[in-house]
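Data block below; observations after.
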Protein chains: 2
Amino acid sequence: MQRVDYPKSLMEVTAERIRHAIVSGELPLGSKLSEQRLADALGVSRSPVRDALAALQSEGLVTISPKRGSFVFMPNLRVVDELCEHRAILETAVLRLGIVRNHGSLLRNLENATAEMERALAAQDPHGYTAGDHRFHNAIIMGAENRTTERSYNLTISPLKALRTHLFTIMSENTDRSMNEHFAVINAVRAKDAELAVSHLWEHIEHLAEAFRTKLSVEASKNTKRAM
Amino acid sequence: MQRVDYPKSLMEVTAERIRHAIVSGELPLGSKLSEQRLADALGVSRSPVRDALAALQSEGLVTISPKRGSFVFMPNLRVVDELCEHRAILETAVLRLGIVRNHGSLLRNLENATAEMERALAAQDPHGYTAGDHRFHNAIIMGAENRTTERSYNLTISPLKALRTHLFTIMSENTDRSMNEHFAVINAVRAKDAELAVSHLWEHIEHLAEAFRTKLSVEASKNTKRAM
DNA sequence: ACAGCAAAACTACCATGTTAGATGTTAGTT
DNA sequence: AACTAACATCTAACATGGTAGTTTTGCTGT
């Protein structure tokens with residue numbers, strides 16, 4: 001007999017659906033949502049939708065305007081900068097710890113992730129490449145074995161994941177440089193040179209922030225549509 | 001004329017009340033809550049209480065057990081360690097940035113905070129001392145001017161604030177060492193020696209973690225009571 | 001055609017009712 | 001005394017109705 005895992009509540013399922021719709025690009029950034037419409041579309045009452053939206057707000061994916069409506073988050077340049085910097089702060093700090101605490105498994109996970117990315121790159125599979133990238137950075141976060149930091153990371157990474165799919169519909173042109181940066185981090189980790197690894201990692205994330213900035217300033221002239 | 005700030009919703013007020021009750025020690029750690037009882041006690045309906053509890057759960061102050069009840073969070077040694085480490089990660093990273101970006105105002109705020117702490121120490125005012133300490137660490141966080149990191153910090157610091165009031169009812173015996181550590185950080189900041197400041201700060205937070213650990217292992221034999 | 005303005009539609013907030021699941025209690029059996 | 005199961009009680013999850021604030025719409029006069 002195996003212990004039963006708790007069935008997910010309606011609110012959780014609802015939150016997952018909406019989160020996926022945002023991150024996958026189904027719901028445009030800044031688009032208007034509505035408890036009632038979402039409830040009708042998902043076939044549930046307004047209560048779980050309301051709870052889900054509140055949860056997604058604390059994840060940074062949704063902003064709720066009192067008496068006006070709920071909206072998919074709409075990043076400006078400053079917020080994106082801050083998100084990337086926060087990400088860099090967490091990843092670099094955790095990388096320092098991981099190199100000391102779990103050097104073996106950390107290195108192995110990083111290598112697996114880059115292998116997946118190379119495979120996806122050869123197969124021209126943008127989706128797989130993105131998955132590998134997430135796996136790479138996730139391996140860094142897991143290295144310190146600190147659940148609090150993991151939670152904090154997941155909160156800030158959700159909007160960034162959404163941004164990635166919304167801004168980069170095709171595989172970026174900078175994948176070569178990106179791959180090299182990943183390898184640079186790995187090599188430094190392998191050599192247990194924490195400071196070098198950290199500096200490569202910070203630079204890597206900074207490049208991503210730059211890419212976001214240029215894309216955002218181009219697409220700044222879009223207007224909000226109703227999605228739900 | 002000043003821009004009016006949005007009137008707070010019932011849910012926000014409710015959340016503030018409950019949060020204050022937890023952080024101030026009014027509600028014991030691990031004690032059972034109940035939407036209905038809280039609603040009756042606060043004179044509101046269950047809806048805002050429910051929303052508030054959900055928000056407090058994402059702050060780490062409350063844990064909700066499906067169909068069973070809500071409880072004030074109950075930390076174990078591991079979680080406290082992780083909270084402190086996460087705090088150290090954020091504060092040290094942000095301190096590095098702050099020294100570069102806002103050296104002047106950062107230093108000024110740190111000095112004001114320690115001045116407040118010394119005043120409180122001379123006046124035997126534990127409450128004021130704690131307030132000064134919070135102001136000190138808050139000054140560090142504000143130094144980088146990154147709202148995302150601020151939010152992340154506030155989420156992790158709430159349980160730690162609660163722990164402080166619940167575990168240290170009297171002013172700690174280690175205030176001398178603590179004050180010296182604060183001064184060590186300030187001096188390093190003044191000299192713009194980021195690495196030295198960071199190492200002092202990390203050590204300071206690590207000492208706090210140790211204090212939590214010893215107190216927790218002593219008080220581990222307490223049982224849960226109903227509070228509301 | 002356009003500005004002003006009032007009515008209608010829409011929204012989240014809050015209150016309350018209902019329900020399924022979890023827990024505590026007690027009567028009944030061995 | 002020990003175990004069991006029916007029962008009562010308590011809980012949060014979910015559904016639904018009312019309300020006040022916001023936005024849109026559509027009419028009106030110019």
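These values consider heavy atoms only, across backbone and side chains, with no hydrogens, waters or symmetry-generated copies. Worth saying up front: this structure is predicted, and the values here are computed from it rather than measured.
- Not one side-chain nitrogen or oxygen of A/Arg50 sits closer than 4.0 Å to the OP1 or OP2 atom of D/dC14.
- Under the salt bridge (Lys or Arg N to Asp or Glu O under 4.0 Å) criterion, B/Glu35 pairs with B/Arg50, not counting sequence neighbours.
- Between the CZ atom of A/Arg46 and the P atom of C/dG17 there is a distance of 16 Å, given to the nearest Å.
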Next on the checklist: At under 4.0 Å between heavy atoms, how does the protein contact nucleotides 21-26 of chain D? Give one character per nucleotide, 5' to 3', with B, S or -.
Outcome noted: BSS---

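- Side-chain contact check for B/His86 and A/Thr149: at least one donor-acceptor pair (N or O, by modelled atom type) lies under 3.5 Å.
- The existence of a salt bridge linking A/Arg19 and A/Glu12 is excluded, since no basic side-chain nitrogen approaches an acidic carboxylate oxygen closer than 4.0 Å.
- Closest approach to the A/Leu10 side chain among D/dA15, C/dT11, C/dC14 is made by D/dA15 (side chain taken as heavy atoms from C-beta onward).
- Taking atom CD of residue B/Gln36 and atom P of nucleotide D/dA12, one finds them 9 Å apart after rounding to whole Å.
- When the side-chain nitrogen and oxygen atoms of A/Ser70 are compared with OP1 and OP2 of C/dA12, one or more of them lie within a distance under 4.0 Å.
- In this structure, B/Ile64 places its CD1 atom 16 Å from P of C/dA22, rounding to the nearest Å.
- Note: CG (B/Leu38) to C1' (D/dA12) measures 13 Å, nearest angstrom.
- With sequence neighbours left out, A/Arg17 forms a salt bridge (Lys or Arg N to Asp or Glu O under 4.0 Å) with no residue at all.
- Across all strands shown, B/Ser47 has heavy atoms under 4.0 Å from base atoms, whether or not it also approaches the sugar-phosphate.
- What separates CZ of A/Phe71 from C1' of C/dA12 is a distance of 11 Å, to the nearest Å.
- With DNA chain D read from its 5' end, the first of the two nearest nucleotides for A/Val44 and B/Leu33 is the one closest to B/Leu33.
- Here D/dA15 presents its C1' atom at 12 Å from CG of A/Asp51, a figure rounded to the nearest Å.
- At a threshold of 4.0 angstrom between heavy atoms, the contacts of A/Ser34 are confined to the sugar-phosphate backbone, with no base atom among them.
- Proximity of a side-chain donor or acceptor of A/Ser158 to a complementary backbone N or O of A/Leu155 within less than 3.5 Å is not detected.
- The side chain of B/Glu35 sits closest to D/dA13 out of D/dA15, D/dA13, C/dC13.
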Checklist entry - Do B/His182 and B/Asp133 pass the side-chain contact (heavy atoms from CB on, under 4.5 Å) test, and can you show the C-alpha distance, the side-chain angles, and the key distance before you say yes or no? => result CA-CA 9 Å; B/His182 285 95; B/Asp133 185 58; 2.9 Å; yes

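- The separation between B/Met11 atom CE and C/dC14 atom P is 9 Å, rounded to whole Å.
- With rounding to whole Å, B/Leu42 atom CG is found 15 Å from C/dC14 atom C1'.
- Among all heavy-atom pairs drawn from A/Ser70 and A/Leu53, the shortest one is OG-CD1, 3.6 Å.
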